[in-house]
Each structure stands twice: as C-alpha cells, then as structure tokens.
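A, B, ... follow the sequence lines: proteins, then strands. Residue 1 opens every chain.
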Amino acid sequence: MVAADSEGPKEPGVRMFHRERSIPLRGSAAALCNNLSVLQLPARSLTHFGVVHGPSTQLLSADPEGVPLAQRQLQSKESTRVSPPLITQVHWCVLPFRILLVLTSNLGIQMYESDGSFMVFCHALDSGDASPAQAVFARGIAASGHFICVGTWSGRVLVFDIPAKGPNIVLSKELAGHQTPITDIASEPAQGQDCVADMVTADDSGLLCVWRSGPEFTLLTRIPGFGVPCPSVQLWQGIIAAGYGNGQLHLYEAATGTLHVQINAHARAICALDLAPEVGKLLSAAEDTFVHIWKLSRNPENGYIEVEHCHGECVTDTQVCGARFCDLSGSSFAVTGYDLAEILRFSSM
Amino acid sequence: MSMRTLPLLFLNLGGEMLYILDQRLRAENIPGDKARKDEWREMDRKRVMNDIISTMFNRKFMEGLFKPQELYSKKTLRTVYDRLAHASIMRLNQASMDKLYDLMTMAFKYQVLLCPCPKDVLLVTFNHLDAIKGFIRDSPNILHQVDETFRLLIEVYGGLSAGEFQQIRQTLLIFFQDLHIRVSIFLKDKVQNSNGRFVLPVCGPVPWGTEVPGLIRVFNNKGEEVKKIEFKHGGHYVTAPKEGSFELYGDRVLKLGTNMYSVNRPVETHMSGTSKNLASWTQESIAPNPLAKEELNFLARLMGGMEIKKPSGPEPGFPLNLFTTDEEEEQAALTRPEELSYEVINIQATQDQQRNEELARIMGEFEITEQPRLSSSKGDNLLAMMDEL
C-alpha cells in the first residue's frame, strides 16, 4: 500500500522555512559529524552555539535575531605527543544543577563552565592498548542524570560523576559494549516505570547499545549494525532515531530493540540528528546537502511508532556537518557546513 | 585522525601532478633541431614521466609511506612533491611549482568531496594508478613497481570497514579545509563556483548498495512490513548502475580521478578572491612549529627511500613552465598573495626571528645526531634542497 505524500501544510503550525541572517564564524567548520552544539537560554533571550574548526572550537552567543553578541575560541590542550591536536566534538551538557561545556579530542576530554571561561576538569586518554594503526580519540558526549558519558576510540564509554558544583569530577565507571569507535550518545530523562531505557550509544560499525542509567548502568539490549557507521542517534519517549552512513534513518522501540520504521531519508551519509522533545520533531542532516524535518508520534490506539515528513531544505553546495533546532517548538534550526565560515539559520516563524 | 590516510593522499596528489605535467610537456615547445623536433620531444617527455614515476613508486619509499602514521603538515608534503617534480631533467621554478601544487590539491579535494561514499576514494586512487600505468606501459620494470603498489593498496585497504573509510575521508577533508583556489577548468565545467566552492549536485547515482531517498517503510512487532509512504526528498537521484571494481584490473565506474586535462584545455588558476578564509592557514605557518623536528625526520625517512637521479653528463635540465608564457610566470610570482605562499621548510624565508632560531637549532641537531644512517651526500642533498627552496 503506497500513500502519496500530500503537498502543502498539513496542520496550521507547519509552514515553510526561510533563510534568516547567518552568523559569521572566525574559522570554518571541520568535516566532522554532529559538528554543531546549541544551548538555548530562552529566559535570557540568548542562544549559544559551538562549532569545531579543527585544533580549536568556536563558541558564540547570539540574540533571537541572530546578531552575534560574544565569541570565544577554545584550543585543544597542548599535545605532548607528535600528533597535532584535533577536537572531535563540542557539546553542552545540561545537568540537574549545572551546565558544563565538554570538548573531546584526540588527546582526551576537557570540561568547561558553560560559557567556556574556565576549564573545570580534564582527562587524558589512555592509548596504551591501541595498535599502531588505530587513531586514539574521544567522541560522543551526553549528560545522563548527574553523569556525563563520553565515548572513546576503543568503544569504551567513560562515565563521569559530576558534583552539583566545583571541580571534583570523578571517572566513576567504564561501560563495555562496543568494539569500534563511539560516534554519538543520546539520553533522555527516565520516562516512568514502563520506559526504562534512557541512554543509547552508537559506533562506527552501526551497533547501538541501549542502557538504563545509574547509579549502575545496565545494558538492556543491542541493535546490530549492517555494515555502515551510525554517526548520529537520538532518543525520544522510548523511540530511538538512528542516522546511518547509507543515508537511512531508522526508528526503533528502545525497550525491545525492534525496528519499526525505516526511512530512505538521504542520498549520502547522515551526519547529524536533533530533537525538539516538547513537540516530537526530529531533524536529520546529511552530506547530500539536505536537512529534513520529521514529526515523531505514537499511535494512540496501539502505541506504535509513527513518523511524518514535514519539510526538506536543500542547503546549496554545502556538505552539512552539523544541525540543531534553535527553539523548543522546532520552528527554527541552524546548520554548519564543511569549509563554511558561518552558521546558517532557517526559521518558519 | 585516521592513521591510514597518507598513502592515499600521496598517490592521488602524485597522480594529478603527473596528469598536469604530461599535459604541459605535450604542449611545451622544446627548442632543438627542426628535423628532430617531434622525436626529441616525445622521447624527453617519456623520460621525464618515467623518471618521476619510478621515483614515486620506489619500493622502500612505498613501504615507509604505508606504515600507519599521522598526516603531517602541508609544508612537509609540499617539500616531497618539490623533490619529486625534480626527479628528472625537468626544472620548475617557484611560480610554476606553486601553480602545480594548487592544481593538484584542488583536484583531489574535489574528488574526495564528490565521492558518493567514503570507500570510493579507493576507486579514485585506482583510476590514478590505471592512468599512471598507461604513461609507462613501455617500461616493464616501472610497471611492475606500480603493480606492487596496487597490490599493497588492495591488501591494506581492501578489508577496511565503512567506518574506517569515513574516518579517512574526514581526515582528508580536514587536510584540505579552507582551500578555495579557483581553477579555470573547474569554473568552465561549472563544477566550481566563482567563490571557489565546489558545486554539490543533488542528482545522479546514490552509492552502490544504497537506495534512492523518498520512501518510508513501517514494520510491526514481527518485522513484517505493514505500510509504505513516499515523501518528496528534493533531489533527483537514481540507483547506482554498477559496482566499481576493486581488483587489479576492472571497470572502476567512477569517473573521479581520471585525467580531465588534454592539450586543448590549458590549466590556469585565479589567485584573486581566495584570501578570505585563510585565517587558519596563515596561523599554521607563522606560529612556532614544535612538530618541525618530527616532520624533518619524516622527510628524511622518505627521502632516504627515494633514489633521486641527478642529471648526468652535459645535458642541461630543461625548464617547464606551467603558464602560457614566461612573462605570465614572472607576473604570477610577483602577484601571488602573501597568504598563499607555501612556506616550505626554508630557514631564510621565515621572517619570524624566534622560528628562525628554533629551526636553526633543530637543523643543527638534525645534522649531527638525528640520522646517522644517512650517508653524508644524502644528508647534504636534503639540506641543500631545503636551503634552495
């Protein structure tokens, strides 16, 4: 049974997107996945953006019109090894009592106050058992309760216990479950007694591990890969959204690991996913220059996962490397592209 | 980030260099006896190509190249190609060498960016090697060297996962970040915009083994498909017709990496309008470089593996100009924007006093202690080459 997609707005809230003022960057965005982090501070009418350039990361804040207000560059820690420092990801972690900015690189992990003004903690990676051909790096960052989880090149996920304030951050455990480099980690607050899964980790082989978080992290289920990396993953109301290197977007039931929806979403590798959790909107961005917006929901009768395509945007001649919603209703989003020294903004408001 | 990137970078850039040199050598007018003009030109062109290719595919050099290692700086790599380009009686001056390197890097950057999937960079490499074998098809020894490298590529890269190829792709793109030199053949073919950015078409084949976007499939708890929905994805993609061959011989299918130059399509670069995004580039070349010592070691290892033929007897090195006239070449050298000059390891050229002293110290250490295995003549060659660049 094939149903054609109907043209035009499906509900009054869904309108077309238009380009808004871009925010200039000091340096272009590097060709990494998930290369844009956004911290929304609606109470202060501010949005923070973080983009990795290479050996440095740029942080900037902008007002609702996109006018840049302040900017700062963070360098990776000094290298004692031969390899030049390369930051792999920047991400704001929102914890119950504080917000920390986390940087991962080929040297280790650095955690800063949310405005990047002060480094609170750093952790050097142990490259001891790496073979000569293996690149050593950290990648994949998520907050889960009062923990920050960070992935590594070996597949191990480091879990850091974060106090309500101060620098006494401790590496409390290492999760085993993956054998290839971690690409991304997603988490959501526990949904209640029925919905126990609240963290998903993904890796270069496409394997997904589904966890129940602390104080003890329990591996609930594994969803095997199929020969392509899974660069980006999101978790919403017990639904795992996974973007793959072959352009497909899969939706799984987190509790069981069952595949419920398979979307041929993009013509090239997906590089970023983001969620607007209050409305169940999902954003997918890929190297094919497209950004697509989807509406996730559950069928009220049987609880099955449903998805609807809302909008597709072609970011001309741009190999997208990062994309995020900029407001809670999912009515605006920002995009970074390889070699592009600006953050592109789109809005339907 | 990936430790397996260097061989692919070196071979593909080398391949582009050979395409360009071959095209220029065919177009070049070599003075000589009128009656013997054609014969001499053909013979010398073949000789130059043979010399460079056999140096490039030298076995010891290749073994060193294929060891897992980080990509070193652009300066180090540029120095290797300078040396390679002079591995025969051909001589290129600074302006022509700069232009050659610009073209090589922009061409490979384009190829990497447009590969439908990360593993296709291996097909691009095979395209270059297939063409290189065409250049030296009359020389069985050199052909054998190239085939050996082919086998090494298949052995090392044939079994890598999609995830590892994605890392290689990202490492290459990071290496080429912020290079926006406009190449006239790309502008004419509309694959590059006037702002230096490449055109990314939203049509054409999807990677082999993947499906065209536009379909949503819904499954029940038992894994049975219960619904199919189409959506408008915005592009005009088609399924890939055929898989490219990763064997020693075969149809690669992908056209990226094949020779786009011919005698009638001259290669020019535009220098203007490219200086805007070079903040990071200049940053790298001005700051004191603590990696200089490691890079010199790397160079020495590579050079040690390279057997450079010096011109023997009374034959002069003949000059090759990458521009249409000598005047153009001089003009290009004078007007090349400061930020685009390749500051190859060259003590005299650096203006920074601290960097100068640091490099001089490193060179001093290097000479005395670092490479005792290098015979003094090779060591001198290396240092002499450094100084004259």
Side-chain angles (χ1 to χ4, degrees), chain A residues 1-5 7 26-28 30-32 53-54 82-84 86 88 106 132-135 137 180-181 203-206 227-229 231 245-248 256 258-269 288-290 292 304 306-307 309 312-314 316-319 338-339 341, chain B residues 1-4 67-70 73 113 116-118 161-164 166-167 169-174 176-180 193 197-200 202 206-207 209-221 223 226-235 237 276-277 279-280 290-291 294:
Chain A
M1 174 173 75
V2 176
D5 175 60
E7 302 238 48
R26 287 268 171 94
S28 58
L32 300 161
H53 168 64
V82 167
S83 42
L86 183 69
T88 53
N106 58 350
Q134 271 176 314
F137 56 91
T180 53
D203 73 21
D204 261 350
S205 74
V228 286
N246 65 350
Q248 279 189 340
T256 58
T258 317
L259 173 68
H260 279 278
V261 182
Q262 182 180 310
I263 310 175
N264 297 337
H266 292 275
R268 299 284 185 267
D288 64 356
T289 78
F290 280 90
H292 286 294
Y304 285 170
E306 294 187 333
V307 70
H309 179 252
E313 189 75 40
C314 174
T316 313
D317 296 338
T318 304
Q319 184 186 275
Y338 166 63
D339 251 1
Chain B
M1 232 169 32
S2 165
M3 309 285 266
R4 294 219 176 273
K67 291 201 173 80
Q69 59 200 305
E70 297 271 359
S73 71
L113 204 52
C117 88
S161 68
E164 283 165 302
Q166 172 70 328
Q167 270 191 54
R169 179 189 157 82
Q170 287 181 341
T171 310
L172 285 170
L173 288 177
I174 288 168
F176 288 126
Q177 201 168 331
D178 297 326
L179 287 175
H180 299 297
N193 294 319
R197 301 229 138 73
F198 289 117
V199 172
L200 300 178
V202 296
V206 288
T210 72
E211 296 176 48
V212 172
L215 191 63
I216 301 172
R217 281 202 205 97
V218 184
F219 303 91
N220 64 14
N221 282 336
V226 296
K227 197 158 63 163
K228 252 193 184 124
I229 309 166
E230 284 183 3
F231 71 93
K232 272 203 155 48
H233 60 87
Y237 296 100
K276 296 208 178 74
N277 280 320
S280 63
L291 300 177
E294 281 302 322

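- Of the two parts of A:H260, the backbone and the side chain both hold a non-hydrogen atom closer than 4.5 Å to a non-hydrogen atom of chain B.
- Note: B:R217 CZ to A:L259 CG = 10.0 Å, rounded to the nearest 0.5 Å.
- Ranked by heavy-atom pairs under 4.5 Å with chain A, the list B:V199, B:L173, B:T171 is led by B:L173.
- Heavy-atom distances place the side chain of B:Y237, and not its backbone, under 4.5 Å from chain A.
- Between A:D339 and B:F176, every side-chain heavy-atom pair lies at or beyond the 4.5 Å cut-off.
- With a 4.5 Å cut-off on non-hydrogen atoms, A:T88 touches chain B through its side chain but not through its backbone.
- The two residues A:A267 and B:P213 make their nearest non-hydrogen contact at N-CG, 3.9 Å.
- At a threshold of 4.5 Å between non-hydrogen side-chain atoms, the residues B:M3 and A:P132 do not count as touching.
- Residues forming a side-chain contact (heavy atoms from CB on, under 4.5 Å) with A:N264 (at least two apart in sequence, or on another chain): A:Q248, A:Q262, B:E211, B:L215.
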Open item on the list: Run A:Q319 and B:L200 through side chain to side chain contact (heavy atoms under 4.5 Å, CB included) and show every step you take.
Closed with: CA-CA 8 Å; A:Q319 184 186 275; B:L200 300 178; 4.1 Å; yes
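- Heavy-atom minimum distance, A:R268 versus B:P207: NH1-CD, 3.6 Å.
- Using a 4.5 Å cut-off between heavy atoms, A:P231 does not touch chain B at all.
- When heavy atoms are compared at a cutoff of 4.5 Å, B:N221 approaches chain A by way of both its backbone and its side chain.
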- [ ] Carefully, step by step, assess A:D288 and B:H233 under the rule side chain to side chain contact (heavy atoms under 4.5 Å, CB included).
- [x] CA-CA 11 Å; A:D288 64 356; B:H233 60 87; over 6 Å; no
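- Taking NE2 of A:H292 as the reference point, atom NZ of B:K232 lies at 12.5 Å (rounded to 0.5 Å).
- Below 30°, between 30° and 60°, or above 60°: for A:H309 and B:F231 the angle between ring planes is between 30° and 60°, a tilted geometry.
- Interface residue A:T258: only side-chain heavy atoms are found under 4.5 Å from chain B.
- Every residue meeting the side-chain contact (heavy atoms from CB on, under 4.5 Å) condition with A:L86, not counting sequence neighbours, appears here in chain and number order: A:N106, B:M1, B:I174.
- Residues B:I216 and A:V261 come closest through the heavy atom pair CG2-CG1, 3.7 Å.
- Using a 4.5 Å heavy-atom threshold, the side chains of A:F137 and B:Q167 count as touching.
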- [ ] Apply the test side chain to side chain contact (heavy atoms under 4.5 Å, CB included) to residues B:V202 and A:C314: give CA-CA distance (whole Å), side-chain angles for both, the deciding distance (0.1 Å), then the verdict.
- [x] CA-CA 9 Å; B:V202 296; A:C314 174; 4.1 Å; yes
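- In this structure, the portion of A:T289 lying under 4.5 Å from any heavy atom of chain B is its side chain and not its backbone.
- Between A:P229 and B:Q166, the shortest heavy-atom distance links the atoms CG-CB, 4.5 Å.
- Contact check for A:L32 versus B:Q170: side-chain heavy atoms found under the 4.5 Å cut-off.
- How far NE2 of A:H53 is from CG of B:D178: 5.5 Å, rounded to the nearest 0.5 Å.
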